Enquirer: 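Take a look at this one; I'll ask things after.
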Protein chains: 2
Amino acid sequence: MLQIEELANSLRTDGFRITPQRIAIVEYLLKTDDHPSAERIHRVIQKKYPMVSLSTVYKTLDLLKEKKLVNEIEVDGEARFDAHTDEHINLVCVNCGKIEDIDEDSLREIQTRAARKSKYMILKSNFELFGYCSSCKSKFTV
Amino acid sequence: MLQIEELANSLRTDGFRITPQRIAIVEYLLKTDDHPSAERIHRVIQKKYPMVSLSTVYKTLDLLKEKKLVNEIEVDGEARFDAHTDEHINLVCVNCGKIEDIDEDSLREIQTRAARKSKYMILKSNFELFGYCSSCKSKFTV
DNA sequence: CATACTATTAGGAATACTTCCTATTTAGGT
DNA sequence: ACCTAAATAGGAAGTATTCCTAATAGTATG
(Lines give C-alpha, C1' and ligand atoms only; values in the text may rest on other atoms or scores of the structure.)
Protein backbone atom coordinates (compact mmCIF):
# COMPACT_ATOMS: atom_id res chain seq x y z
CA MET A 1 0.00 0.00 0.00
CA LEU A 2 1.41 3.33 -1.11
CA GLN A 3 1.61 6.21 1.32
CA ILE A 4 0.26 9.64 0.49
CA GLU A 5 3.70 11.23 0.47
CA GLU A 6 5.28 8.79 -1.96
CA LEU A 7 2.24 9.09 -4.16
CA ALA A 8 2.36 12.89 -4.12
CA ASN A 9 6.00 12.90 -5.12
CA SER A 10 5.37 10.44 -7.89
CA LEU A 11 2.60 12.62 -9.29
CA ARG A 12 4.65 15.79 -8.92
CA THR A 13 7.61 14.46 -10.85
CA ASP A 14 5.23 13.58 -13.67
CA GLY A 15 4.11 17.21 -13.85
CA PHE A 16 0.81 16.72 -12.04
CA ARG A 17 -0.19 19.05 -9.26
CA ILE A 18 -1.01 18.09 -5.74
CA THR A 19 -4.31 19.66 -4.83
CA PRO A 20 -6.32 19.34 -1.61
CA GLN A 21 -9.08 17.67 -3.62
CA ARG A 22 -6.74 14.99 -4.90
CA ILE A 23 -5.27 14.40 -1.48
CA ALA A 24 -8.70 14.05 0.08
CA ILE A 25 -9.82 11.54 -2.54
CA VAL A 26 -6.68 9.43 -2.27
CA GLU A 27 -6.74 9.53 1.52
CA TYR A 28 -10.30 8.36 1.60
CA LEU A 29 -9.66 5.55 -0.86
CA LEU A 30 -6.61 4.38 1.03
CA LYS A 31 -8.37 4.09 4.34
CA THR A 32 -11.61 2.44 3.21
CA ASP A 33 -12.21 -1.01 1.80
CA ASP A 34 -15.75 -0.07 0.87
CA HIS A 35 -15.41 0.14 -2.92
CA PRO A 36 -17.30 3.45 -2.99
CA SER A 37 -19.01 4.92 -6.05
CA ALA A 38 -17.97 8.30 -7.43
CA GLU A 39 -21.00 9.87 -5.83
CA ARG A 40 -20.23 8.40 -2.44
CA ILE A 41 -16.63 9.61 -2.64
CA HIS A 42 -18.00 13.02 -3.52
CA ARG A 43 -20.37 13.03 -0.53
CA VAL A 44 -17.60 12.03 1.87
CA ILE A 45 -15.06 14.52 0.52
CA GLN A 46 -17.62 17.32 0.69
CA LYS A 47 -17.70 17.12 4.48
CA LYS A 48 -14.15 18.42 4.47
CA TYR A 49 -14.25 20.46 1.26
CA PRO A 50 -17.81 21.63 0.64
CA MET A 51 -16.91 23.19 -2.69
CA VAL A 52 -15.46 20.08 -4.31
CA SER A 53 -17.31 19.18 -7.49
CA LEU A 54 -18.38 15.80 -8.76
CA SER A 55 -16.54 16.39 -12.02
CA THR A 56 -13.30 16.81 -10.11
CA VAL A 57 -13.92 13.50 -8.39
CA TYR A 58 -14.38 11.80 -11.75
CA LYS A 59 -11.31 13.47 -13.20
CA THR A 60 -9.16 12.53 -10.24
CA LEU A 61 -10.36 8.95 -10.41
CA ASP A 62 -9.44 8.86 -14.09
CA LEU A 63 -5.95 10.05 -13.23
CA LEU A 64 -5.59 7.49 -10.45
CA LYS A 65 -6.79 4.72 -12.72
CA GLU A 66 -4.27 5.71 -15.33
CA LYS A 67 -1.53 5.68 -12.71
CA LYS A 68 -2.80 2.23 -11.64
CA LEU A 69 -3.39 3.47 -8.13
CA VAL A 70 -7.03 2.58 -8.13
CA ASN A 71 -9.11 -0.13 -9.67
CA GLU A 72 -12.56 0.35 -11.12
CA ILE A 73 -15.30 -2.23 -11.30
CA GLU A 74 -18.77 -1.80 -12.73
CA VAL A 75 -21.73 -2.93 -10.65
CA ASP A 76 -25.29 -2.36 -11.80
CA GLY A 77 -24.28 0.30 -14.26
CA GLU A 78 -22.31 2.19 -11.65
CA ALA A 79 -18.54 2.40 -11.29
CA ARG A 80 -17.03 1.48 -7.94
CA PHE A 81 -13.47 2.31 -6.91
CA ASP A 82 -10.87 0.60 -4.84
CA ALA A 83 -7.23 1.18 -3.94
CA HIS A 84 -6.54 -2.56 -3.87
CA THR A 85 -4.84 -2.96 -7.23
CA ASP A 86 -3.29 -6.40 -6.89
CA GLU A 87 -4.95 -9.20 -8.81
CA HIS A 88 -7.92 -10.31 -6.72
CA ILE A 89 -11.52 -11.46 -6.87
CA ASN A 90 -14.34 -9.02 -6.13
CA LEU A 91 -17.29 -10.58 -4.37
CA VAL A 92 -20.34 -8.44 -4.99
CA CYS A 93 -23.51 -8.81 -2.92
CA VAL A 94 -26.45 -8.44 -5.30
CA ASN A 95 -28.70 -7.51 -2.41
CA CYS A 96 -26.85 -4.85 -0.40
CA GLY A 97 -24.14 -3.90 -2.89
CA LYS A 98 -21.29 -4.69 -0.51
CA ILE A 99 -18.05 -5.67 -2.21
CA GLU A 100 -15.43 -7.84 -0.58
CA ASP A 101 -11.99 -8.67 -1.94
CA ILE A 102 -10.39 -12.08 -1.91
CA ASP A 103 -6.81 -12.75 -2.85
CA GLU A 104 -6.31 -15.74 -5.06
CA ASP A 105 -2.86 -16.72 -6.24
CA SER A 106 -3.96 -18.80 -9.19
CA LEU A 107 -5.38 -15.81 -11.05
CA ARG A 108 -2.02 -14.73 -12.35
CA GLU A 109 -1.39 -18.18 -13.73
CA ILE A 110 -4.80 -18.36 -15.39
CA GLN A 111 -4.14 -15.00 -16.96
CA THR A 112 -0.84 -16.15 -18.39
CA ARG A 113 -2.44 -19.27 -19.79
CA ALA A 114 -5.30 -17.30 -21.38
CA ALA A 115 -2.90 -14.81 -22.90
CA ARG A 116 -0.89 -17.58 -24.46
CA LYS A 117 -3.91 -19.41 -25.82
CA SER A 118 -5.56 -16.31 -27.24
CA LYS A 119 -2.51 -14.31 -28.32
CA TYR A 120 -3.99 -11.29 -26.55
CA MET A 121 -1.67 -8.84 -24.85
CA ILE A 122 -3.31 -8.50 -21.44
CA LEU A 123 -3.36 -5.12 -19.72
CA LYS A 124 -5.87 -5.51 -16.93
CA SER A 125 -8.05 -8.16 -15.39
CA ASN A 126 -11.32 -8.28 -13.59
CA PHE A 127 -12.66 -11.19 -11.63
CA GLU A 128 -16.12 -10.85 -10.15
CA LEU A 129 -18.41 -13.17 -8.28
CA PHE A 130 -22.00 -12.11 -7.64
CA GLY A 131 -24.17 -13.52 -4.91
CA TYR A 132 -25.47 -12.94 -1.41
CA CYS A 133 -23.05 -11.89 1.31
CA SER A 134 -23.17 -13.82 4.54
CA SER A 135 -25.57 -11.41 6.23
CA CYS A 136 -27.96 -11.02 3.27
CA LYS A 137 -27.86 -14.76 2.70
CA SER A 138 -29.48 -15.43 6.07
CA LYS A 139 -32.42 -13.16 5.16
CA PHE A 140 -33.20 -15.45 2.24
CA THR A 141 -33.07 -18.78 4.03
CA VAL A 142 -36.24 -19.49 5.98
CA MET B 1 -26.23 -25.45 -26.89
CA LEU B 2 -30.01 -25.40 -26.69
CA GLN B 3 -32.11 -25.58 -29.83
CA ILE B 4 -34.82 -23.04 -30.55
CA GLU B 5 -37.61 -25.61 -30.27
CA GLU B 6 -36.63 -26.89 -26.82
CA LEU B 7 -36.22 -23.35 -25.66
CA ALA B 8 -39.64 -22.31 -26.99
CA ASN B 9 -41.33 -25.19 -25.20
CA SER B 10 -39.51 -24.44 -21.99
CA LEU B 11 -40.66 -20.83 -22.13
CA ARG B 12 -44.21 -21.80 -23.05
CA THR B 13 -44.64 -24.15 -20.12
CA ASP B 14 -43.53 -21.32 -17.84
CA GLY B 15 -46.37 -19.16 -19.17
CA PHE B 16 -44.21 -17.04 -21.43
CA ARG B 17 -45.29 -16.42 -25.01
CA ILE B 18 -43.29 -17.19 -28.08
CA THR B 19 -43.15 -14.11 -30.25
CA PRO B 20 -41.33 -13.53 -33.54
CA GLN B 21 -39.26 -10.87 -31.80
CA ARG B 22 -38.06 -13.31 -29.17
CA ILE B 23 -37.31 -15.98 -31.72
CA ALA B 24 -35.32 -13.57 -33.85
CA ILE B 25 -33.24 -12.41 -30.90
CA VAL B 26 -32.51 -15.91 -29.65
CA GLU B 27 -31.69 -17.16 -33.14
CA TYR B 28 -29.24 -14.35 -33.67
CA LEU B 29 -27.56 -14.87 -30.32
CA LEU B 30 -27.24 -18.60 -30.88
CA LYS B 31 -25.53 -18.26 -34.23
CA THR B 32 -23.09 -15.47 -33.43
CA ASP B 33 -20.08 -15.43 -31.12
CA ASP B 34 -19.78 -11.70 -31.45
CA HIS B 35 -20.99 -10.62 -27.99
CA PRO B 36 -23.23 -7.95 -29.52
CA SER B 37 -24.61 -4.93 -27.65
CA ALA B 38 -28.37 -4.40 -27.30
CA GLU B 39 -28.23 -1.79 -30.02
CA ARG B 40 -26.42 -4.09 -32.41
CA ILE B 41 -28.92 -6.87 -31.79
CA HIS B 42 -31.65 -4.34 -32.48
CA ARG B 43 -30.05 -3.28 -35.75
CA VAL B 44 -29.64 -6.86 -36.92
CA ILE B 45 -33.16 -7.93 -35.93
CA GLN B 46 -34.62 -4.90 -37.67
CA LYS B 47 -33.51 -6.19 -41.05
CA LYS B 48 -36.06 -8.98 -40.64
CA TYR B 49 -38.61 -7.16 -38.45
CA PRO B 50 -38.40 -3.44 -39.15
CA MET B 51 -40.92 -2.61 -36.45
CA VAL B 52 -39.09 -4.23 -33.55
CA SER B 53 -38.30 -1.76 -30.81
CA LEU B 54 -35.19 -1.36 -28.77
CA SER B 55 -37.16 -1.67 -25.54
CA THR B 56 -38.35 -5.10 -26.64
CA VAL B 57 -34.77 -6.13 -27.23
CA TYR B 58 -33.85 -5.06 -23.71
CA LYS B 59 -36.88 -6.80 -22.20
CA THR B 60 -36.16 -10.01 -24.06
CA LEU B 61 -32.55 -9.95 -23.00
CA ASP B 62 -33.68 -9.54 -19.40
CA LEU B 63 -35.87 -12.60 -19.75
CA LEU B 64 -33.10 -14.63 -21.32
CA LYS B 65 -30.70 -13.59 -18.60
CA GLU B 66 -33.15 -14.65 -15.95
CA LYS B 67 -33.57 -18.01 -17.68
CA LYS B 68 -29.76 -18.26 -17.77
CA LEU B 69 -29.81 -18.55 -21.53
CA VAL B 70 -27.61 -15.56 -22.10
CA ASN B 71 -24.74 -13.97 -20.27
CA GLU B 72 -24.18 -10.26 -19.94
CA ILE B 73 -20.89 -8.49 -19.56
CA GLU B 74 -20.27 -4.77 -19.26
CA VAL B 75 -17.66 -3.17 -21.46
CA ASP B 76 -17.07 0.57 -21.47
CA GLY B 77 -20.41 1.28 -19.89
CA GLU B 78 -22.24 -0.81 -22.44
CA ALA B 79 -23.76 -4.26 -21.94
CA ARG B 80 -22.72 -7.04 -24.31
CA PHE B 81 -24.59 -10.33 -24.65
CA ASP B 82 -23.58 -13.87 -25.32
CA ALA B 83 -25.30 -17.27 -25.45
CA HIS B 84 -22.19 -18.96 -24.06
CA THR B 85 -23.31 -19.44 -20.46
CA ASP B 86 -20.73 -21.91 -19.18
CA GLU B 87 -18.08 -20.57 -16.89
CA HIS B 88 -15.44 -18.96 -19.09
CA ILE B 89 -13.08 -16.03 -19.44
CA ASN B 90 -13.98 -13.07 -21.66
CA LEU B 91 -11.03 -11.51 -23.41
CA VAL B 92 -11.91 -7.97 -24.36
CA CYS B 93 -9.88 -5.98 -26.87
CA VAL B 94 -9.65 -2.43 -25.57
CA ASN B 95 -8.91 -1.17 -29.08
CA CYS B 96 -11.50 -2.77 -31.36
CA GLY B 97 -13.98 -4.03 -28.78
CA LYS B 98 -13.80 -7.63 -29.94
CA ILE B 99 -14.59 -10.20 -27.28
CA GLU B 100 -13.25 -13.72 -27.34
CA ASP B 101 -14.17 -16.55 -24.99
CA ILE B 102 -11.75 -18.97 -23.41
CA ASP B 103 -12.75 -22.01 -21.44
CA GLU B 104 -10.84 -22.53 -18.25
CA ASP B 105 -11.61 -25.46 -16.01
CA SER B 106 -10.05 -24.06 -12.90
CA LEU B 107 -12.62 -21.25 -12.61
CA ARG B 108 -15.19 -23.46 -11.00
CA GLU B 109 -12.71 -24.52 -8.38
CA ILE B 110 -11.65 -20.95 -7.64
CA GLN B 111 -15.26 -20.01 -7.26
CA THR B 112 -15.86 -22.78 -4.73
CA ARG B 113 -12.80 -21.73 -2.77
CA ALA B 114 -13.84 -18.06 -2.74
CA ALA B 115 -17.37 -18.95 -1.66
CA ARG B 116 -16.05 -20.98 1.23
CA LYS B 117 -13.58 -18.33 2.36
CA SER B 118 -16.05 -15.46 2.14
CA LYS B 119 -19.26 -17.23 3.15
CA TYR B 120 -20.97 -15.67 0.13
CA MET B 121 -23.62 -17.64 -1.72
CA ILE B 122 -22.44 -17.28 -5.31
CA LEU B 123 -25.00 -16.90 -8.09
CA LYS B 124 -23.01 -15.75 -11.07
CA SER B 125 -19.44 -15.14 -12.07
CA ASN B 126 -17.64 -12.90 -14.43
CA PHE B 127 -14.04 -13.24 -15.51
CA GLU B 128 -12.67 -10.60 -17.82
CA LEU B 129 -9.26 -9.88 -19.25
CA PHE B 130 -8.66 -6.60 -21.08
CA GLY B 131 -5.92 -6.04 -23.59
CA TYR B 132 -5.06 -5.95 -27.26
CA CYS B 133 -6.27 -8.77 -29.48
CA SER B 134 -3.72 -10.37 -31.76
CA SER B 135 -4.54 -8.15 -34.71
CA CYS B 136 -4.68 -4.86 -32.78
CA LYS B 137 -1.52 -5.81 -30.91
CA SER B 138 0.50 -5.76 -34.11
CA LYS B 139 -0.62 -2.21 -34.86
CA PHE B 140 1.00 -1.10 -31.61
CA THR B 141 4.35 -2.82 -31.98
CA VAL B 142 6.65 -0.98 -34.33
C1' DC C 1 -62.58 -21.47 -35.71
C1' DA C 2 -64.06 -17.41 -32.99
C1' DT C 3 -63.52 -15.35 -28.48
C1' DA C 4 -61.52 -13.63 -24.46
C1' DC C 5 -57.84 -12.84 -21.57
C1' DT C 6 -53.61 -11.03 -20.64
C1' DA C 7 -48.67 -11.00 -21.91
C1' DT C 8 -46.08 -8.45 -24.97
C1' DT C 9 -45.05 -4.83 -27.99
C1' DA C 10 -43.74 -0.09 -30.14
C1' DG C 11 -42.53 4.25 -29.32
C1' DG C 12 -41.14 7.70 -26.81
C1' DA C 13 -40.42 9.93 -22.33
C1' DA C 14 -37.87 9.65 -18.14
C1' DT C 15 -33.81 8.37 -15.49
C1' DA C 16 -29.12 7.98 -14.03
C1' DC C 17 -24.34 7.92 -14.49
C1' DT C 18 -20.60 9.97 -16.80
C1' DT C 19 -18.26 13.22 -19.80
C1' DC C 20 -17.77 17.64 -21.66
C1' DC C 21 -17.37 22.73 -21.60
C1' DT C 22 -15.50 27.11 -19.97
C1' DA C 23 -14.60 30.92 -17.02
C1' DT C 24 -12.15 31.19 -12.80
C1' DT C 25 -8.85 29.70 -9.45
C1' DT C 26 -4.55 27.97 -7.85
C1' DA C 27 -0.13 25.08 -7.54
C1' DG C 28 4.47 25.44 -8.14
C1' DG C 29 8.56 27.14 -10.60
C1' DT C 30 11.27 31.42 -11.16
C1' DA D 1 5.52 38.14 -5.33
C1' DC D 2 4.59 36.89 -10.09
C1' DC D 3 3.53 34.03 -14.08
C1' DT D 4 1.82 30.28 -16.50
C1' DA D 5 -0.36 26.25 -17.23
C1' DA D 6 -2.95 22.82 -14.77
C1' DA D 7 -6.96 22.03 -12.22
C1' DT D 8 -11.41 23.28 -10.51
C1' DA D 9 -16.59 24.31 -9.93
C1' DG D 10 -20.78 24.18 -11.81
C1' DG D 11 -23.76 23.00 -14.91
C1' DA D 12 -24.99 21.49 -19.55
C1' DA D 13 -24.76 17.68 -22.77
C1' DG D 14 -24.40 12.90 -23.87
C1' DT D 15 -25.64 8.05 -23.67
C1' DA D 16 -27.19 3.54 -22.24
C1' DT D 17 -31.01 1.74 -20.00
C1' DT D 18 -35.54 1.61 -17.78
C1' DC D 19 -40.14 3.06 -17.46
C1' DC D 20 -44.82 4.12 -19.15
C1' DT D 21 -49.07 3.28 -21.81
C1' DA D 22 -52.18 2.41 -25.42
C1' DA D 23 -52.37 -0.93 -29.01
C1' DT D 24 -51.41 -5.60 -30.55
C1' DA D 25 -51.22 -10.47 -30.72
C1' DG D 26 -50.20 -15.24 -28.54
C1' DT D 27 -52.67 -18.96 -26.52
C1' DA D 28 -56.16 -21.45 -23.94
C1' DT D 29 -60.92 -22.46 -24.19
C1' DG D 30 -65.34 -23.73 -25.83
Side-chain angles (χ1 to χ4, degrees), chain A residues 4-5 7-26 35-67 69-81 92 97, chain B residues 4-5 7-26 35-67 70-81 92 97 99:
Chain A
I4 294 274
E5 269 315 315
L7 170 54
N9 287 331
S10 136
L11 286 178
R12 224 186 315 255
T13 50
D14 287 355
F16 295 104
R17 293 182 180 172
I18 311 307
T19 64
Q21 293 92 331
R22 287 180 175 172
I23 292 173
I25 292 170
V26 171
H35 301 70
S37 65
E39 208 200 302
R40 170 169 242 280
I41 295 170
H42 184 220
R43 261 202 319 277
V44 172
I45 304 306
Q46 273 190 319
K47 287 182 197 156
K48 217 170 171 180
Y49 301 94
M51 299 308 273
V52 77
S53 78
L54 185 56
S55 61
T56 296
V57 173
Y58 275 108
K59 265 195 131 246
T60 301
L61 289 168
D62 270 354
L63 174 64
L64 295 172
K65 275 191 290 178
E66 206 168 310
K67 294 271 148 199
L69 299 171
V70 307
N71 209 263
E72 176 184 2
I73 77 168
E74 191 100 6
V75 175
D76 264 333
E78 184 184 61
R80 306 271 296 262
F81 302 88
V92 182
Chain B
I4 294 277
E5 270 315 313
L7 169 55
N9 287 330
S10 134
L11 285 178
R12 223 185 317 256
T13 52
D14 287 353
F16 295 103
R17 293 180 179 172
I18 311 308
T19 65
Q21 292 91 332
R22 287 179 175 174
I23 293 174
I25 291 169
V26 171
H35 302 70
S37 65
E39 208 201 301
R40 171 169 240 279
I41 296 171
H42 184 222
R43 263 203 316 278
V44 172
I45 303 307
Q46 274 190 319
K47 287 183 196 154
K48 218 171 173 181
Y49 300 94
M51 300 307 275
V52 79
S53 76
L54 184 56
S55 61
T56 296
V57 173
Y58 275 109
K59 265 196 131 248
T60 300
L61 290 168
D62 271 352
L63 174 65
L64 296 171
K65 273 191 290 178
E66 205 167 311
K67 294 270 147 203
V70 307
N71 209 262
E72 176 184 2
I73 75 167
E74 190 101 6
V75 175
D76 263 333
E78 183 183 61
R80 305 270 297 260
F81 302 89
V92 181
I99 299 176

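Lettering of chains follows the sequences in order, A, B, ..., and the numbering in each one begins at 1. Just so you know, these numbers come straight off a predicted model, no measurement behind them.
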Enquirer: Please state how far atom CZ in A/Phe16 lies from atom P in C/dG29, giving the value in whole angstrom units.
Expert: 15 Å
Enquirer: Expressed in angstrom and rounded to an integer, what is the separation of A/Leu54 atom CG from C/dC21 atom C1'?
Expert: 15 Å
Enquirer: Measuring from the side chain of A/Ile18 (C-beta onward, heavy atoms only), which nucleotide among D/dT8, C/dG28, C/dT8 has the closest atom?
Expert: C/dG28
Enquirer: Provide, to the nearest angstrom, the distance between the CD1 atom belonging to B/Ile45 and the C1' atom belonging to C/dA10.
Expert: 16 Å
Enquirer: Give the nucleotide from the list C/dC17, C/dC20, C/dG28 with an atom nearest to the side chain of A/Ser55.
Expert: C/dC20
Enquirer: So, for A/Ala24 and A/Tyr49, which heavy atoms are closest and what is the spacing to 0.1 Å?
Expert: CB-CE1, 3.6 Å
Enquirer: Charged N to carboxylate O under 4.0 angstrom, B/Lys59 versus B/Asp62?
Expert: no
Enquirer: Measuring to OP1 and OP2 of D/dA25, would you say a side-chain N or O of B/Gln21 lies under 4.0 angstrom away?
Expert: no
Enquirer: With the side chain of B/Arg17 defined as its heavy atoms from C-beta on, choose the nearest nucleotide among D/dA16, C/dC5, D/dT8.
Expert: C/dC5
Enquirer: Check the distance between D/dA16's P and B/Glu74's CD and give it to me in whole angstrom.
Expert: 11 Å
Enquirer: How far does CD of A/Glu78 sit from OG of A/Ser37, to the nearest 0.5 angstrom?
Expert: 4.0 Å
Enquirer: Would you kindly give the CG-to-C1' distance between B/Leu64 and C/dT8, to the nearest whole Å?
Expert: 14 Å
Enquirer: Please give, in whole Å, the distance from D/dA23 P to B/Met51 CE?
Expert: 15 Å
Enquirer: By nearest heavy atom, map B/Tyr58 and A/Pro50 onto DNA chain D; which one lands nearer the 5' end?
Expert: A/Pro50
Enquirer: With the side chain of A/Glu78 defined as its heavy atoms from C-beta on, choose the nearest nucleotide among C/dA10, C/dC17, D/dG10.
Expert: C/dC17
Enquirer: Can you identify which nucleotide, out of C/dG11, D/dT8, D/dA16, has its nearest atom closest to the B/Ser53 side chain?
Expert: C/dG11
Enquirer: Can you work out whether B/Val52 or B/Gly15 has the more 5'-proximal nearest nucleotide on DNA chain C?
Expert: B/Gly15
Enquirer: Show the nearest heavy-atom pair for residues B/Pro36 and B/Ile41, with the distance to one decimal.
Expert: CG-CG1, 3.7 Å
Enquirer: When the distance from CD of A/Glu72 to P of C/dT19 is rounded to whole Å, what number comes out?
Expert: 8 Å
Enquirer: Counting side-chain heavy atoms from C-beta on, which of C/dT8, C/dA10, D/dA9 comes nearest to B/Arg22?
Expert: C/dT8
Enquirer: Kindly point out which of C/dA10, C/dC17, D/dA9 is positioned nearest to the side chain of A/Glu39?
Expert: C/dC17
Enquirer: What's the separation between atom CG in A/Leu63 and atom CG in A/Leu69, rounded to the nearest 0.5 Å?
Expert: 8.0 Å
Enquirer: Specify the separation, in whole Å, of atom CG of A/Leu63 and atom P of C/dT19.
Expert: 14 Å
Enquirer: Should A/Thr56 be listed as having a side-chain N or O under 4.0 Å from OP1 or OP2 of D/dA7?
Expert: no
Enquirer: Does B/Arg12 or B/Phe81 map to a spot on DNA chain D nearer the 5' end, using the closest nucleotide for each?
Expert: B/Phe81
